[in-house]
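Here is the structure we will look at, set down as C-alpha cells.
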Amino acid sequence: KAGVTQTPRYLIKTRGQQVTLSCSPISGHRSVSWYQQTPGQGLQFLFEYFSETQRNKGNFPGRFSGRQFSNSRSEMNVSTLELGDSALYLCASSLNSGRPTDTQYFGPGTRLTVL
Amino acid sequence: DAKTTQPNSMESNEEEPVHLPCNHSTISGTDYIHWYRQLPSQGPEYVIHGLTSNVNNRMASLAIAEDRKSSTLILHRATLRDAAVYYCILREGSNYQLIWGAGTKLIIKP
C-alpha cells in the first residue's frame, strides 16, 4: 500500500497570505489528523477528521481550518499567515478513530516558511 | 492531561541494546502507552504500544512497570538507522488523542 502523501512538500508564503495543504491517507483509512511541529513547541495537535466530520480540535486559532472529502483526502487551510506559523505540518492517517489502540501513520510533512 | 517524562537525550553504541525510559506517574487505568520515533527529516513512525503487559514486535520491546507509572522501550541491537527522537505518548481521554512530549533524542555511536 502507498503511504500517506502530502503536497506540497515545501511552501514559502508571506505574512497575510493564506495557504492550503493537502493530505492523501493510506487507502482504506478513514481518519486524518493534522499536527504542527516547531522546534520550540514540538508536535501539537491541530484537528482530526473522520468520515468527513471534525472529531477533535486542538488549541489553535480559527485561522486554522480543515476539511475532509468523501474519499478521505483532507486539506488544511491557514488564513492570514503570521511569522509564527512557520513550521512542519504533518498529516497522519489511521484506520479508525477514537480507539486507544489506533496506530497513526504519518506523511513526510509540508514545510511552510512564512516571510 | 496525563504527561510523560523522558530524558532529553541518550547515547548508545552500535549493535548494543538500548533502554529508553519513560515516566508517566499520573497514568490512568485506561491509558495506553504508545511509542513513536521520528527519524531526521521524516514524519513520526509508530514503534509499539501496550496497556499492562510487556509487548514485543519486530522493531522493539516494551516493558511496562507493574504499577504502570513507568515504561521502557528496548531496542535489542541498535543500528545507526535507529538514531531518532523517540516519543513516549499516552493515548488518553474519551477521544484517545495523542499527547506528545519532547521525546528522547537517541544518538548511536559507530
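Each chain gets a letter, A, B and so on, in the order the sequences are listed, and its residues count up from 1. Nothing here was measured: the structure is a model prediction, and the numbers come from that model.
When heavy atoms are compared at a cutoff of 4.5 Å, A:Y105 does not approach chain B at all. Only the side chain of A:Q37 comes within less than 4.5 Å of a heavy atom of chain B; its backbone N, CA, C and O stay farther away. Residue A:L43 touches chain B through both its backbone and its side chain, counting heavy-atom pairs closer than 4.5 Å.
For B:Y87 and B:Y36, the gap between ring centers reaches or exceeds 6.0 Å. With ring centers used as reference points, A:Y35 lies under 6.0 Å from A:F106. Taking the six-membered ring for Trp and the full ring otherwise, A:F47 and A:F45 have centroids separated by 6.0 Å or more.
Checked by atom type, the side-chain pair A:N77/A:T20 shows a donor-acceptor distance below 3.5 Å.
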